[in-house]
Amino acid sequence: MEKREELYAGKAKSVFRTDSPDYMILEFRNDTSAFDGKKVEQLDRKGMVNNKFNAFIMQKLEEAGVPTHFEKLLSDNECLVKNLQMMPVECVVRNISAGSLCRRLGVEEGQELNPPTFELFLKNDALGDPMVNESLVETFGWAAPADLQRAKELTYKVNDVLKKLFDDAGMLLVDYKLEFGLFKGEVVLGDEFSPDGCRLWDKETRKKMDKDRFRQGLGGVIEAYEEVGGRLGINFDA
Ligand code: UDP
């Protein structure tokens with residue numbers, strides 16, 4: 001498939017048109033951002049690591065019956081994806097309290113959440129991605145009610161698949177963010193799944209192995225991402 005012009009550049013990825021209207025090319029860059037883009041750094045190898053990490057996870061999800069936009073890896077930093085009509089909401093599931101949940105509700109980090117929580121945030125940088133709910137999504141037409149229900153169902157299904165995958169590799173899936181879109185009328189998982197958009201802790205020591213290392217200035221960010229990948233059996237040099 002031929003790579004055509006850049007359609008848009010996000011904080012960590014760029015999206016390119018192809019010669020087919022149904023497919024796009026995602027390029028994972030080394031840019032790393034946090035706090036609505038207020039902290040930005042270039043981290044060596046990050047684009048490659050997240051591209052391969054995402055490919056591995058998307059394939060695992062497909063095998064488990066979650067429809068995803070992922071088609072195939074094209075290079076170290078690029079993959080081919082379906083062109084989805086994105087819903088402008090982020091779906092967040094939490095298994096353990098951390099991050100904005102602790103700040104918002106004053107709960108301590110590290111509490112097991114049973115049942116896991118489901119939250120929705122509007123994708124809007126200018127407003128700082130405010131929390132929304134199903135009623136607001138319906139009223140403002142950000143997604144059709146049936147499509148939102150399907151996205152929610154798939155978000156929980158991803159939890160079943162990935163909690164076990166990470167647990168088997170000695171890690172806790174604390175929380176994660178997913179984005180969905182429509183492809184020929186079907187709700188499909190889009191965007192990416194990488195340590196940039198989830199929290200992963202070592203099961204024994206609770207060492208943080210995700211983007212919180214960058215947010216909190218803990219260092220060893222990409223080393224941690226590569227350790228997560230290594231534990232899952234991903235070969236980043238292949
Ligand atoms: N998250 C994300 N993009 C966002 C906001 C959150 O990928 O714009 C992920 C984040 O990495 C974490 C989960 O969603 O795994 C929940 O994030 P939270 O609401 O705790 O916000 P944060 O503390 O990251 O600001």
Side-chain angles (χ1 to χ4, degrees), residues 8-13 15 26 28-29 31-41 43 46-47 49-51 53-54 57-58 61 68-69 86-113 115-133 137 142 151-152 154-156 158-159 161-163 165-167 171-181 189-202 206-218 221-222 224-225 228-229:
Y8 47 86
K11 293 198 264 305
K13 297 190 293 297
V15 182
L26 285 190
F28 288 72
R29 307 192 314 271
D31 299 300
T32 313
S33 80
F35 312 121
D36 292 324
K38 287 184 203 81
K39 175 174 177 172
V40 184
E41 274 174 41
L43 297 179
K46 172 164 177 284
V49 167
N50 276 4
N51 185 36
F53 193 100
N54 175 63
I57 297 289
M58 289 281 171
L61 294 174
T68 80
H69 70 158
M86 295 304 292
M87 304 175 183
V89 291
E90 303 183 334
C91 298
V92 171
V93 159
R94 300 177 196 269
N95 295 305
I96 299 175
S97 60
S100 74
L101 180 84
C102 297
R103 295 195 295 274
R104 204 175 338 116
L105 302 181
V107 295
E108 229 176 276
E109 182 180 86
Q111 266 178 246
E112 193 192 334
L113 302 171
T117 60
F118 177 82
E119 291 160 39
L120 289 164
F121 298 88
L122 179 67
K123 272 184 77 76
N124 185 319
D125 279 342
L127 298 177
D129 292 350
M131 191 177 193
V132 294
N133 61 30
V137 172
W142 294 318
K152 184 175 177 179
L154 289 171
T155 302
Y156 278 119
V158 166
N159 201 35
V161 178
L162 295 189
K163 229 165 61 171
L165 184 89
F166 287 113
D167 186 76
M171 289 168 281
L172 296 167
L173 177 58
V174 172
D175 57 32
Y176 56 90
K177 181 267 297 177
L178 302 179
E179 294 179 30
F180 293 88
L189 176 62
D191 192 48
E192 69 178 277
F193 192 101
S194 75
D196 270 4
C198 68
R199 288 190 169 93
L200 295 164
W201 295 350
D202 179 82
R206 298 213 157 192
K207 177 181 82 166
K208 296 182 197 310
M209 305 179 77
D210 53 68
K211 200 160 92 175
D212 270 350
R213 300 202 70 81
F214 176 73
R215 293 188 190 97
Q216 299 174 8
L218 300 174
V221 180
I222 299 311
Y225 287 22
V228 173

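Side chains are part of it too, since the values below use all heavy atoms of this structure and drop only hydrogens, waters and symmetry mates. Every number for a ligand or one of its atoms is a count from 1 in the order of the listing.
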Under 3.5 Å side-chain donor-acceptor pair for Asn159 and Asn95: yes
Near ligand 1, at a heavy-atom separation below 4.0 Å: residues by chain and residue number: Glu90, Val92, Arg94, Ala98, Gly99, Ser100, Arg103, Asp129, Asp175, Tyr176, Lys177, Asp196, Gly197, Cys198, Arg199, Arg215
Candidates Leu178, Asn54, Asn51, Leu26 - the one meeting side-chain contact (heavy atoms from CB on, under 4.5 Å) with Glu192: Asn54
Side-chain touch Val89/Lys123, heavy atoms, less than 4.5 angstrom: no
Polar contact flag, side-chain donor to acceptor under 3.5 angstrom, Ser100-Arg94: yes
Flag if over 12 foreign heavy atoms under 6.0 Å of CD, Gln216: yes
Partner residues of Trp142 under the ring pair (Phe, Tyr, Trp, His ring centres under 6.0 Å) criterion, sequence neighbours left out: Phe140
